[in-house]
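Notes to accompany the following structure.
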Amino acid sequence: DPEKVKVSLETTGGITVDATGAETYGTVVSLDESPLHAGWLYAGTDDGRVWTTRNDGKTWDELTGRFPGVPAGTYVSRIEASNFNDQRFYVTFDNHRTNDFTPYVYATEDGGKTFTSIVANLPTGGPNFVHVLEEDPHNQNLLFVGTDVGAYVSTDRGKSWQRFMNGLPAVPVHDLEVHPRDHELIAATHGRSIWIVDITPLEQLSDAVVASNAALFEPKPGLQFGTAPQGEESYAQKWFERPTPGSRAEIQYYINASQAKILADAAESSTGGSAKRDGAPRGPTAGGRGQQAGGQQTPAKGPQVHITIVKADGSVFRELSGPATAGLHQVTWDFRGEAPPAAEMGPWDKKEHERIAARGKVVSDSLKKAGWDAQSLERMMDVITGKTDRSAAFAMFGGGGGRGGGDPEAFKERPGETPPGDRSAGPDYGQMRTLAELVNPGGGLGSFFRGGGGGGAPVADGGNYTVTLQVGDQTFSQPLKVIRQAG
């Protein structure tokens, strides 16, 4: 627009006092280089023009006008060059500045000669205009878009989309990036900070997997810390903690709807079977996957799959279970084996266990009189005194931390303003620290997690393991490497 360029460059002398950039025109606002060819560049401007060069900018070709349905002058919000096809790239537009909140998303397969809309079923009602598109670096069919109200995912390269926001509030998503090593999607939002979600199963979710009854995805290496990580000292009303990344191995699998129905029917008709579970399902994560935390023993609910961790010598180190409902699921393993029965404890372990149990009863009775919630206190005492596996604490507090009970990733409106002394919301990590110090002065909470309370389950050594998944009469296997980190 010549008039806007004149205002931007001549009237103001090229300087704008508008911090938002709303009065800056004729500006390249999106720029990307092909990861397959150095010097192949794509540029988009705030006045709706799209350009490409294949010689490092010596000459440029304009592609404006090749996007059917996009109003002239629409802001180019993002250009994304493909990681797989040098003739493919994506362009998104944002026209909300003229009260047009339509999502505009386009793809080309012929180097920009023609473009096709891949909006498909992205919502058009409300402020769903698109800020960003990201193509996964490992799966060319896996796309993500960030709009002014959230994030969406496509597993078929834009033929269909679905919300990708479990645990993520309705918030503008201005940038998306997939970490190529850690297989995590990182979202930068306006007002709600940075969000990260593991997308390993989505990257491996091929057409063949979707058509199969079930699948076990190749897990990422499990990073195990040599010493328990310690948080900073806190003097607020609550301890600020979150699960330490790398403190557990993640096992992810898929079950299709027909197989899930078969398992559900079989479970309903059966009157026997094991009710052992190694983790209670937590709420959906940001990726929408049900989770379990290895260690807790609670009654099974619904049909289950059987998961086995096998050592390199072929011996079974740990057995877990997980939900057998349709969809993607994640079970976490806390690197511990099966806890030995009390009869197998050594003399020192038995004596220490008895001491902890006796002192725990005294402390528990005192805290009940002081007004602590009896049910929450009982759950914590079961962990500390050994009635429940120590690693159940990770499931109890949403994975080893958090502000109060429940999922630590769940949105809390103003977590720092919880009234001090409020014990009604269930156990929190600060309470657990206090309780552990009272039961075992000087030992702290870490001593119980490391088995210092007596009779703890063995911790896995670094090395190669095999994960097996039993779904009905089918068995799947994947290698799992455990890397023990020094420090």
Side-chain angles (χ1 to χ4, degrees), residues 30-42 77-92 105 107-109 118 130-146 151-158 161-162 164-165 167-168 173-189 193-210 215-224 243-254 285-289 328 330 332 409 464 467 478-483 485:
S30 183
L31 185 68
D32 199 21
E33 182 177 33
S34 169
L36 305 176
H37 294 283
W40 286 26
L41 307 175
Y42 308 92
S77 56
R78 190 60 56 101
I79 295 182
E80 172 85 358
S82 174
N83 300 290
F84 301 91
N85 185 340
D86 61 8
Q87 299 299 306
R88 179 190 305 149
F89 62 95
Y90 305 88
V91 185
T92 64
V105 186
T108 180
E109 299 286 338
I118 57 172
V130 176
H131 293 293
V132 59
L133 180 145
E134 173 74 1
E135 180 191 67
D136 184 82
H138 303 287
N139 183 344
Q140 64 180 335
N141 295 318
L142 185 60
L143 302 179
F144 303 91
V145 295
Y152 294 83
V153 61
S154 173
T155 58
D156 52 17
R157 211 187 312 158
W161 300 87
Q162 57 183 306
F164 196 55
M165 294 178 60
L168 175 70
V173 176
H174 286 298
D175 206 358
L176 293 168
E177 190 71 31
V178 175
H179 196 298
R181 181 197 65 201
D182 294 343
H183 305 277
E184 293 174 335
L185 176 69
I186 306 166
T189 72
S193 192
I194 302 295
W195 295 74
I196 301 175
V197 58
D198 183 6
I199 58 170
T200 301
L202 289 178
E203 292 182 329
Q204 300 178 39
L205 195 64
S206 63
D207 291 340
V209 168
V210 173
L216 175 64
F217 300 112
E218 182 181 352
K220 296 186 294 186
L223 302 180
Q224 182 190 69
T244 302
S247 59
R248 297 173 296 171
E250 298 168 345
I251 302 165
Q252 298 157 327
Y253 59 94
Y254 164 79
T285 66
R289 303 182 302 277
L328 298 176
Q330 176 173 295
T332 58
E409 305 296 352
N464 297 317
V467 178
Q478 289 283 4
L480 170 62
K481 187 176 184 64
V482 174
I483 303 174
Q485 300 286 90

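Everything quoted here is computed from the prediction, not taken from an experiment.
- Rounded to the nearest 0.5 angstrom, E250 CD and T200 OG1 are separated by 7.0 Å.
- Taking the ring-ring contact (aromatic ring centres under 6.0 Å, His included) definition, one finds that H131 meets it with F129, H174, sequence neighbours left out.
- With sequence neighbours excluded, the residues that form a side-chain hydrogen bond (donor to acceptor under 3.5 Å, both in side chains) with Y90 are E135.
- Take T189 and apply the side-chain hydrogen bond (donor to acceptor under 3.5 Å, both in side chains) test, not counting sequence neighbours, and it matches no residue.
- Legend: residues meeting side-chain hydrogen bond (donor to acceptor under 3.5 Å, both in side chains) with S30, ordered by chain and number and at least two apart, are absent.
- Put simply, CG on L205 and CG on L328 are 6.0 Å apart, with the number rounded to the nearest 0.5 Å.
- Evaluation of the side chain to side chain contact (heavy atoms under 4.5 Å, CB included) rule for I483 yields P221, L223, K481, Q485 as partners, not counting sequence neighbours.
- The closest side-chain donor-acceptor pair between Q330 and Q252 falls under 3.5 angstrom.
- Legend: residues meeting salt bridge (charged side-chain N to carboxylate O under 4.0 Å, His left out) with E218, ordered by chain and number and at least two apart, are absent.
- When the side-chain hydrogen bond (donor to acceptor under 3.5 Å, both in side chains) test is applied to S154, the partners found at least two apart in sequence or on another chain are D156.
- Scored by the ring-ring contact (aromatic ring centres under 6.0 Å, His included) test, H37 finds W40 as partners (sequence neighbours excluded).
- Taking the side chain to side chain contact (heavy atoms under 4.5 Å, CB included) definition, one finds that Q140 meets it with F84, R88, R157, sequence neighbours left out.
- Applying the ring-ring contact (aromatic ring centres under 6.0 Å, His included) test to F217 and every residue at least two apart in sequence or in another chain returns nothing.
- Judged as a side chain to side chain contact (heavy atoms under 4.5 Å, CB included), and not counting sequence neighbours, the contacts of T92 are S77, R78, V105, V130, L133.
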